[in-house]
Amino acid sequence: MKKTVKIVLVVAAVIVLLLLIVELIGSPIAKRVVINHSEDWIGRKVEMSSLWVDPFLGNVTIKDFSCTDADSDEEFVSFSRLRVQISLLRLIGKHVYLRHIHLDDINGNIWSNDTCFNFSDLPQRFASSDTTMVEEEADTIPSKWLITLNDIRLRRGHVSYTDRHRDRSWTLENINLIIPGVSFGRGQTNAGLSLDLPNDGGNVLMRGAYNMQSDHYSLILDLKDIDVSEAQPLLSDFLNIGDLKARLSGHLLAYGTLNDIMAVRVEGNVGLDDIDIKDADNDRILSAKSVNIGISQIVPQTLTMRFDTISIDSVHLNFERANKYNTISKLLKESETDDIDTAEVTVDEAPKDKTSQLPLKLSVNHFLLSRSAVHYVDRTLFSRFKYDITSLSARAENLTLDGNNHIVIHGNLPNGGNFMVNWRGAMDVERDNARIIAMLKNVQLSDLSPWTEYMFANPIKSGTLSVNSDNTIRRGIIDAVEQIDIYDLKLGRKNNRLDAEMKSIPLKTAVDLIKDVNGKISMQVPITGDMKSPKFSLGKVIGRAIGNVLLNATAAPFMAMAQAQNVKIDDLTQLEINMLVPDFTLEQYAKLDLVAQMMQEKEELNLQMIQQFNLADAISERAVFNLKKEFYQYKLGEALIGNLTLLDIQRIMQIKDNQSDFVSYITPIIGEKGKLVDRAIDYYTADSLQVEVLKHAERHNQFLMRYLTENKQLSKKRVDIRLAELDELTAYSGKSRYTIEAKISE
């Protein structure tokens, strides 16, 4: 028995001695093998101060490790210590159980160019030559091994990344990763990662959990004072940004399943502070004190974006518009598309993105914009137009793209002006309906002078403007009324060298015509148009509408003046006449007196009155009138002395065609067969009647000229009264009248 014990002890001592020899000799050998064959295995040179393998405890420790880039002496990765401990006994039960994985002071240097990264060759080296067989085996043979990784720690990490194409580098410092445990096949994995950005660029803290059985994950991301300027080189691929500054903070929760990445749900809040964006010419586009967003839910799969709050403070936007560009187009880079061989691609082969077919579901419970400003510059006019909107604020509740909204916007305009917009209805007015009420008060018109030069060729010297605008939009069709009130408007001299859109309108005269006695202009301007049309421009539509009002004023200045002075008159563009009566009624005299008064007030007006009537109707009327006049003279006998008076003419016109004594009188003269008017024309002849009608028309003209020049003391040079041409009288079909026009010289 004692001998047996001695043999066992000797054998045990020999085994222990052999293990010690393996541990003492094997570790240096393993180190040498790794160093000598590293280039063959991974295409890189590897160095380390020690590689220690402990077969008793299952420990592997590597110290002072470094690895170069492929075919280079530049460092790819290094660390001060890697310690891994595995449970050897659990291997018997097909359980790979790592107690610890500790990695200290890792330093990684990653770079990329247009085509690859400096580690792109590694996956190819370890790829299987027969991937199909490997995949089939993985799918058909269930794994009986259980893998557990515990206590994974990365401490004091440092990673630098260089984009050689953009010639820009980024660095992550003080990277700390803690994963309590990972079990492949069951259980849940939790992990935490923290890192600092260089140059006080902020801090990132991530905490995550993943369940391998359900494939669900959750991720909490905390951002603190992240320097957004580090993203500028990436944004420069599609934006012409010269400088970008902002600080990003936030707390976000993302959760979903790895089976469908697009089904991720995100909620939380993010904030940007001290925003400053400049374009490639170093001109500031946008600055803001803060933008804070409370996210209720974002789901990319269903294009759902629901926000609890969006709060924007102290935004300053500089917007410039030129003939070939504006601020937005200048900021965006032209898209680069690859050449496609259309012969090999058919419509059926085009990929169908289900997400792109879904409508965007956007909602904001509370929106607030405060203390903001817009600096607008328009270089498309003849002279530079600059306009500033300050103290800009906006508020909206329950804001959506596909529902009814209520948005109220306020702002101040230069030199004491202000505006308000009250929007009710849809945001997408090209597809839905909305009503927009807008008010402008105390707008200084001299600030709008470049615009009036562009539309009318006249600058503005002074004046104030108020506008009440009621706009109804039904699926992109706008139907609006603009109530415009202008006070003390003074215009500069027309610049005839400018090719203004409505240059033909004598603006100064038109403005004077529609001013009231207090120097006020009040007009209602209708606005209509299709906002879906690419040629639609609200500014031009309003300009043309105002121009039409002014054009109507210059076309009918007496009507415009009457309306401005609140004179109730039916129509000052025409004066109806009776071709049998040389004189005028009291109503007609009132019209003539008003025209004469306006002529005296506006010395730049010249009056033109053209007499119009249907010649055939006038001849017929004169023929029947002459028969009745003879009958009237016959009845009165010698009692009728001299020319007919107005009373005589009225009595003659009152004789009826079928009056018995009149019929008895004319029957022996003109017969009784045929229409009365035809028998009368045959009796007097059409030619003689035409001469008589034209003489009567000329007496009308002479009477009217004497009244306006002698009674109303208008200069004959300013009055043009004449009869329309004979062919015009033959073709004319309206009422007998004078057209009243004012010829304006400016």
Side-chain angles (χ1 to χ4, degrees), residues 265-272 286 288 290-300 302-317 319 328 355-374 376 389-413 418-441 467-483 527-534 536-539 541-542:
R265 296 175 181 267
V266 180
E267 54 190 59
N269 60 80
V270 293
L272 283 168
L286 179 74
S290 66
V291 176
N292 293 296
I293 302 175
I295 304 171
S296 298
Q297 188 181 81
I298 295 178
V299 185
T302 59
L303 290 182
T304 299
M305 302 179 69
R306 305 192 187 281
F307 302 99
D308 181 51
T309 59
I310 296 180
S311 177
I312 306 172
D313 184 25
S314 302
V315 172
H316 292 268
L317 172 66
F319 189 87
I328 303 301
T355 302
S356 63
Q357 300 174 2
L358 296 173
L360 175 63
K361 303 179 184 68
L362 174 64
S363 65
V364 182
N365 291 339
H366 309 283
F367 175 84
L368 179 63
L369 173 71
S370 58
R371 299 184 296 184
S372 297
V374 175
Y376 177 76
I389 301 174
T390 58
S391 300
L392 183 63
S393 65
R395 180 182 293 274
E397 304 293 331
N398 302 320
L399 190 63
T400 64
L401 289 179
D402 55 356
N404 290 325
N405 304 283
H406 186 198
I407 308 169
V408 179
I409 306 172
H410 294 272
N412 291 339
L413 303 176
N418 61 81
F419 76 95
M420 185 278 292
V421 177
N422 193 329
W423 185 313
R424 292 182 182 271
M427 291 293 293
D428 187 356
V429 294
E430 292 187 3
R431 296 183 179 180
D432 216 326
N433 303 332
R435 187 182 181 192
I436 306 168
I437 306 296
M439 291 185 290
L440 285 82
K441 295 181 180 179
V467 177
N468 288 293
S469 175
D470 190 345
N471 307 269
T472 300
I473 304 173
R474 295 181 177 88
R475 296 189 177 183
I477 306 300
I478 183 171
D479 184 8
V481 175
E482 317 292 328
Q483 176 62 48
I527 303 293
T528 57
D530 186 354
M531 301 178 70
K532 298 187 293 295
S533 171
F536 179 83
S537 170
L538 185 59
V541 169
I542 294 175

**Q** Let me know which of Ile293, Val291, Leu272 forms a side chain to side chain contact (heavy atoms under 4.5 Å, CB included) with Ile312.
**A** Val291

**Q** Please say which of Thr390, Leu440, Asn418 ends up in a side chain to side chain contact (heavy atoms under 4.5 Å, CB included) with Leu413.
**A** Leu440

**Q** Could you walk me through whether Glu267 and Gln297 pass the side-chain contact (heavy atoms from CB on, under 4.5 Å) check?
**A** CA-CA 5 Å; Glu267 54 190 59; Gln297 188 181 81; 5.6 Å; no

**Q** Heavy-atom distance under 4.5 Å between the side chains of Ile295 and Met305, does that happen here?
**A** no

**Q** To check you understand the geometry: which heavy-atom pair defines the closest contact between Ala434 and Trp423, and what is its length?
**A** CB-NE1, 3.9 Å

**Q** Answer yes or no: is there a donor N or O on one side and an acceptor on the other, between the side chain of Asn405 and the main chain of Gly425, under 3.5 Å?
**A** yes

**Q** First locate atom CG of Asn468, then atom CD1 of Ile437, and finally report the distance between them rounded to the nearest 0.5 Å.
**A** 9.0 Å

**Q** At what distance, to the nearest 0.5 angstrom, does CG of Leu317 lie from OH of Tyr376?
**A** 11.5 Å

**Q** Between Glu482 and Asn471, does a side-chain contact (heavy atoms from CB on, under 4.5 Å) hold up when you go through it step by step?
**A** CA-CA 8 Å; Glu482 317 292 328; Asn471 307 269; 3.2 Å; yes

**Q** How long is the span from the NE2 atom in His406 to the CG atom in Asn398, to the nearest 0.5 Å?
**A** 12.0 Å

**Q** Quick one, Asn292 with Asn269, criterion side-chain contact (heavy atoms from CB on, under 4.5 Å). Give me CA distance, side-chain angles, the key distance, then yes/no.
**A** CA-CA 7 Å; Asn292 293 296; Asn269 60 80; over 6 Å; no

**Q** How many angstroms lie between atom NE2 of His366 and atom CG of Leu399, to the nearest 0.5 angstrom?
**A** 12.0 Å

**Q** What pair of heavy atoms forms the shortest contact from Arg474 to Asn433, and how long is it?
**A** CA-OD1, 3.1 Å

**Q** To the nearest 0.5 Å, what is the distance between NE2 on His410 and CZ on Arg395?
**A** 9.5 Å

**Q** I'd like to know whether Arg306 forms a side-chain contact (heavy atoms from CB on, under 4.5 Å) with Lys361, so could you lay out the CA-CA distance, the side-chain angles of the two residues, the decisive distance to 0.1 Å, and finally the verdict.
**A** CA-CA 8 Å; Arg306 305 192 187 281; Lys361 303 179 184 68; 4.1 Å; yes

**Q** Quick one: CZ on Arg265 to OG on Ser296, what's the gap to the nearest 0.5 Å?
**A** 12.5 Å

**Q** On a heavy-atom basis, which atom in Phe419 and which in Ile389 lie closest, and how many Å separate them?
**A** CE2-CG2, 3.6 Å

**Q** With distance as the sole test, does Asp308 use its side chain to make a donor-acceptor pair with the main-chain N or O of Gly294 at under 3.5 Å?
**A** no

**Q** Can you find a pair of side-chain heavy atoms, one from Thr400 and one from Leu362, that are under 4.5 Å apart?
**A** no

